[in-house]
Amino acid sequence: AFSDILELARRLEAKGISSTCGEVFEGESESESIRNAAEELSWRVDQADRYGITVSVEPAVGTNANTPEKALEMLDLSPGLKLTLDYCHFVYQSMDQTAPDVLLPHARHFHCRGCAPDRMQVDFDNNTINYRRIINKMQEVGYDGWFGIEFVWTAIWNCNQVDNTAETIRFRDLAQAVINGTEHVPFVHTI
């Protein structure tokens, strides 16, 4: 299946492919899971590299790399592997929002949306992640990948409780203001 995905990416002239890190299977320790996933991911990195395509994984809730430390371990075992980084998966677990900062130098793609502890997706007003700080940190480390605004409409994690269009605009406006060094005046969304 990966070969087919890689061929499609090549034909589309895609620069990267994102996937899951993997999961811990029954009877497998967390460290075994990371090692097994890293072995498979290394093969994918090598295959994609032949076409100038970068492979990244998203450390996330429910995966075997659900903490920054586990994600770093996977990266150490898979040279060339990059990250699709979404701070929400760490803040949701009540981790300090600065914990994923160590992953920024390894990111190829970034996801931004509102989040709070125990709330995977919230509106701009209830968001607890300081994206201004993160964007400044990205500039410090020389991040040159994509910055995506990611809102989903699904019952999983109650991610169907916000106006995705309005919140995409609100977070986009913040990101553009920080990147451009201009004042951000958020619009007030009313229903």
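For the numbers below, each heavy atom of this structure counts, side chains included, while hydrogens, waters and symmetry mates do not.
Here the shortest heavy-atom pairing between C88 and G114 reads SG-O, 4.3 Å. Listed here is the closest heavy atom pair of V55 and R44: CG2-O, 3.7 Å. Scanning both residues, G80 and T54, for their nearest heavy atoms gives O-CG2, 4.4 Å. Shown here for L77 and A38, the closest heavy-atom pair between the two residues is CB-CB, 3.5 Å. Between A99 and V102 the shortest heavy-atom distance is O-CG2, 3.6 Å. Contact record, I129 with N127: O-ND2, 2.7 Å, taken as the closest heavy-atom pair.
Annotation: side chain of R133 is not in contact with side chain of N136 (no heavy-atom distance under 4.5 Å). The side-chain heavy atoms of R108 and L83, taken from C-beta on, include no pair separated by under 4.5 Å. Side-chain contact check for I5 versus L8: every heavy-atom pair is 4.5 Å or farther apart. Within the 4.5 Å cutoff, the side chain of P59 has no heavy atoms near those of the P68 side chain. At a threshold of 4.5 Å between non-hydrogen side-chain atoms, the residues M138 and F147 count as touching. Using a 4.5 Å heavy-atom threshold, the side chains of C21 and M74 count as touching. Counting heavy atoms from C-beta outward, L85 and F90 have side chains that approach closer than 4.5 Å. A 4.5 Å side-chain heavy-atom check between V91 and T128 finds at least one atom pair inside the cut-off.
Criterion: ILVMFWY side-chain heavy atoms under 4.5 Å apart, direct or through other members. Under it, I135 and I169 are not part of a common hydrophobic cluster. There is no path of hydrophobic side-chain contacts, each under 4.5 Å, that joins V122 to V152. Clustering ILVMFWY residues whenever any of their side-chain heavy atoms sit less than 4.5 angstrom apart, transitively, puts L75 in a cluster other than the one holding V24.
Residue pairs meeting the ring pair (Phe, Tyr, Trp, His ring centres under 6.0 Å) criterion with at least one partner in residues 115-141, sequence neighbours excluded, are F124-F171, F124-H184, Y131-F171. Evaluation of the ring pair (Phe, Tyr, Trp, His ring centres under 6.0 Å) test over residues 19-42, restricted to residues two or more places apart or in two chains, returns none.
Distance alone, capped at 3.5 Å, is enough to place a donor-acceptor pair between the T63 side chain and the A60 backbone.
The CD atom of E28 sits 7.5 Å away from atom CG of N64, with the distance rounded to the nearest 0.5 Å. In this structure, the separation between CD1 on I17 and CZ on R10 is 11.5 Å, given to the nearest 0.5 Å. A distance of 11.5 Å separates CG of L104 from CD of Q139, quoted to the nearest 0.5 Å. For the atom pair NE2 (H111) and OH (Y87), the distance works out to 14.0 Å, reported to the nearest 0.5 Å. Going from atom CG of L6 over to atom CZ of R11 covers 11.5 Å, rounded to the nearest 0.5 Å. Between the CG atom in D49 and the CG atom in D46 there is a gap of 7.0 Å [rounded to 0.5 Å].
With hydrogens and angles left out, the side-chain atoms of Q121 and N158 include no donor and acceptor closer than 3.5 Å. Between the side chains of S18 and S56, at least one donor N or O sits under 3.5 Å from an acceptor N or O.
Residue W157 shares its hydrophobic cluster (ILVMFWY side chains chained together at separations under 4.5 Å) with V61, Y92, M120, I156.
Within a 6.0 Å radius of CD in Q47, more than 12 heavy atoms belonging to other residues, nucleotides or ligands are found. The number of heavy-atom neighbours closer than 6.0 Å to CG of D96, taken from other residues, nucleotides and ligands shown, is above 12. Within a 6.0 Å radius of CD in Q93, other residues, nucleotides and ligands contribute more than 12 heavy atoms. For W146, the CH2 atom is loosely surrounded, since the number of other residues' heavy atoms within 6.0 Å does not exceed 12.
With sequence neighbours excluded, no residue forms a salt bridge (charged side-chain N to carboxylate O under 4.0 Å, His left out) with K82. Every residue meeting the side chain to side chain contact (heavy atoms under 4.5 Å, CB included) condition with D118, not counting sequence neighbours, appears here in chain and number order: S94.
Look at E73 and K70 and you find no salt bridge, because none of the NZ, NE, NH1 or NH2 atoms lies under 4.0 Å from a carboxylate O.
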I'd like a table of donor-acceptor pairs (distance under 3.5 Å, sequence neighbours excluded) in which one partner is a side-chain atom from residues 172-183, with atom names and distances.
from: N180; atom 1: ND2; to: Q176; atom 2: O; distance (Å): 3.0

Could you check D123 against D163 for side chain to side chain contact (heavy atoms under 4.5 Å, CB included), going step by step and ending with a plain yes or no? CA-CA 8 Å; D123 65 11; D163 179 335; over 6 Å; no
Show your working on salt bridge (Lys or Arg N to Asp or Glu O under 4.0 Å) between R35 and E39 and close with a plain yes or no. CA-CA 6 Å; R35 282 194 310 275; E39 184 178 325; over 6 Å; no
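Geometric assessment of R113 against the ring of F151 yields a negative cation-pi assignment under the 6.0 Å and 45° thresholds.
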